[in-house]
2 protein chains.
Amino acid sequence: MAADNLLSQKQQAELRGIAVAVEYEHEGTVIFSEGEDARFVYLVADGVIRIGRTSDGGRRQILAFMLPGDLLGLPDAGSYVNSADVVCPSVLYRIPWAKLRDLMTREPSLQHNFLVKVAHDFREAQRRIVMLGQQNTYQRLASFLLDFIQHPAFFDKADRCLTLPLSRFDMADYLGTAPETVARGFLRLERDALVRRVTSRIVEIIDVDGLRRLQMRKRRAET
Amino acid sequence: MAADNLLSQKQQAELRGIAVAVEYEHEGTVIFSEGEDARFVYLVADGVIRIGRTSDGGRRQILAFMLPGDLLGLPDAGSYVNSADVVCPSVLYRIPWAKLRDLMTREPSLQHNFLVKVAHDFREAQRRIVMLGQQNTYQRLASFLLDFIQHPAFFDKADRCLTLPLSRFDMADYLGTAPETVARGFLRLERDALVRRVTSRIVEIIDVDGLRRLQMRKRRAET
DNA sequence: CGAAAGGTTGAAAAGCGTCAAGTTGCGTGG
DNA sequence: CCACGCAACTTGACGCTTTTCAACCTTTCG
């Protein structure tokens with residue numbers, strides 16, 4: 001999850017030539033689904049997008065939340081491998097793959113930019129592997145909160161309040177756990193005086209360093 | 001984990017001009033470590049490479065095993081973010097970043113090839129997120145075995161024997177669990193008549209479909 | 001105002017990590 | 001060639017963690 005967008009003026013102009021802004025009003029609207037023909041790439045302009053995969057068992061794993069500046073819709077052999085739907089009203093630039101490909105062959109620096117974005121998402125995915133492989137659910141929740149407070153759109157530094165755009169179900173599917181476990185995680189964070197729940201979606205972050213210390217502990221702490 | 005290498009004759013020739021083959025004899029030899037200055041990219045010619053990250057707590061998470069044809073050493077802001085060491089005697093082509101960058105600007109199709117490789121690794125990382133987020137350790141072990149039997153270098157179809165190049169510790173760090181749990185996983189797979197342990201590193205795969213069915217079950221099966 | 005969805009909490013049982021005690025396999029040196 | 005020692009592996013036991021089922025509370029929205 002990150003939002004950096006470094007394109008030259010010229011590149012931006014060229015991209016805008018082939019991109020169409022699309023608005024998604026309603027929460028849950030599907031942008032594309034896994035298996036579909038991949039005709040477009042999307043660039044997030046505003047909002048939050050959920051990228052996920054539904055496994056054969058019917059359970060959903062959320063791979064990432066995409067924010068303004070992020071790119072989504074990479075195909076594999078011509079089809080999407082993930083699904084994407086909007087978490088809240090959002091605006092995306094929709095770019096036809098065919099045209100983007102043309103543009104990239106003419107403009108290698110654009111392709112390089114594209115590569116940088118994919119490499120970034122790749123590293124982000126690796127961070128998540130570490131999180132899921134090494135941390136217990138309580139630590140993952142802490143990591144999740146620490147990631148989100150990096151984004152001014154959700155975190156108000158003045159009153160230290162974090163406004164989550166997500167339900168407990170979304171968080172659970174992102175953290176690879178059950179919604180109940182997430183709720184219990186918040187309960188414990190509150191008991192340990194690291195956060196305070198204002199509403200189920202608004203959390204006051206009381207002790208950032210405490211959250212950071214949590215992340216680094218062993219999965220099974222001796223205390 | 002995959003090994004597909006689609007470069008044109010010309011590209012191969014140009015790459016060979018700047019690449020140096022490096023041999024690593026001994027198991028465990030470090031190719032690069034996280035935090036180091038990223039001066040080279042490596043292409044696996046022969047052997048198996050372990051890509052991992054050591055978290056602040058001192059625990060190691062193996063992100064991927066790289067096989068011939070795979071690329072490693074992507075930098076982030078000029079430094080490696082992962083560590084790489086050899087699992088068994090291996091040969092790598094070492095390519096200086098600076099020269100590769102030059103070559104890519106002159107040869108956009110090479111850059112495109114590079115992009116395809118990174119995109120592939122990215123999708124592979126996403127697969128691992130799903131595995132770690134949704135499956136229990138027993139299922140992950142099954143997934144791991146199913147991945148490995150795709151590679152003829154390790155799996156002898158004639159006698160259905162899989163020769164693992166990895167220790168139980170490596171598998172544990174890859175699967176995000178403890179070596180004991182991996183051993184117990186094998187015990188159970190054997191009890192369920194899905195595999196037979198010949199030695200600790202050689203496994204006869206008895207029931208591939210059974211392993212596949214395992215993957216798809218719920219984390220907590222009712223049977 | 002009532003229904004539905006989301007959220008919280010409790011309780012029971014399965015899953016898993018950790019410690020500890022073997023066992024096996026292998027290379028080294030006697 | 002055997003004995004020894006070491007490292008990897010296996011297995012058991014125990015207790016913390018997490019899932020699951022179920023009940024209840026809260027909020028939202030028609």
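Since this is a predicted model, take the numbers as computed values, not measurements. Convention: sequence-line order gives letters A, B, ...; per-chain numbering from 1.
Remark: P of dT11(D) and CZ of Arg188(B) are 15 Å apart, rounded to the nearest angstrom. Rounded to whole Å, the distance from CZ on Arg217(B) to P on dT20(D) is 13 Å. Straight-line distance from the CG atom of Leu141(B) to the P atom of dC9(D): 13 Å, rounded to whole Å. Rounded to an integer number of Å, the gap from CD of Glu27(A) to C1' of dT28(D) is 13 Å. Put simply, CZ on Arg201(A) is 14 Å from C1' on dT26(D), counting in whole angstrom units.
Contact check, Ser200(A) against dG6(C): no side-chain N or O comes under 4.0 Å of OP1 or OP2. Regarding contacts with the backbone of dT17(D), every side-chain N or O of Thr181(A) stays at 4.0 angstrom or more from both OP1 and OP2. Under 4.0 angstrom from either OP1 or OP2 of dC16(C) there lies no side-chain N or O belonging to Thr177(B).
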Next on the checklist: Checking Phe122(A) against Gln126(A) for the side-chain contact (heavy atoms from CB on, under 4.5 Å) test, could you report, in this order, the C-alpha distance in whole Å, the side-chain angles of both residues, the deciding distance, and whether it holds?
Outcome noted: CA-CA 6 Å; Phe122(A) 177 38; Gln126(A) 292 186 323; 3.3 Å; yes
Next on the checklist: Evaluate Arg60(B) against Asp170(B) for salt bridge (charged side-chain N to carboxylate O under 4.0 Å, His left out), listing each step before the verdict.
Outcome noted: CA-CA 9 Å; Arg60(B) 175 183 70 157; Asp170(B) 284 332; 2.8 Å; yes
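For Phe169(B), the listed nucleotide lying nearest its side chain is dA8(D); candidates were dT11(D), dG7(C), dA8(D). You'll find that the side chain of Arg184(A) is closest to dA11(C), out of dG17(C), dA11(C), dT8(C).
Of the residues near DNA chain D, Arg59(A) and Arg197(B), the one whose nearest nucleotide (by heavy atom distance) lies more toward the 5' end is Arg197(B). Along DNA chain D, the nucleotide nearest to Arg220(A) and the one nearest to Glu180(B) differ in position, and the one closer to the 5' end is contacted by Glu180(B).
Among the atoms of the strands shown, none is found under 4.0 Å from any heavy atom of Gly185(B). As judged by a 4.0 angstrom heavy-atom cut-off over every strand, Arg168(B) is placed among residues touching the sugar-phosphate backbone only. Using a 4.0 Å heavy-atom distance criterion, Thr199(B) is classed as making no nucleic acid contact. Counting non-hydrogen atoms under 4.0 angstrom, Ser167(B) reaches the backbone sugars and phosphates but no base. Residue Phe186(B) is classed as having no contact, given no heavy-atom separation below 4.0 Å to the nucleic acid.
Scanning both residues, Ala193(A) and Ile206(A), for their nearest heavy atoms gives O-CG2, 3.7 Å.
Arg212(B) and Asp207(B) are not joined by a salt bridge, as no carboxylate oxygen comes within less than 4.0 angstrom of a charged side-chain nitrogen.
A distance below 6.0 Å separates the ring centres of Tyr174(B) and Phe144(B).
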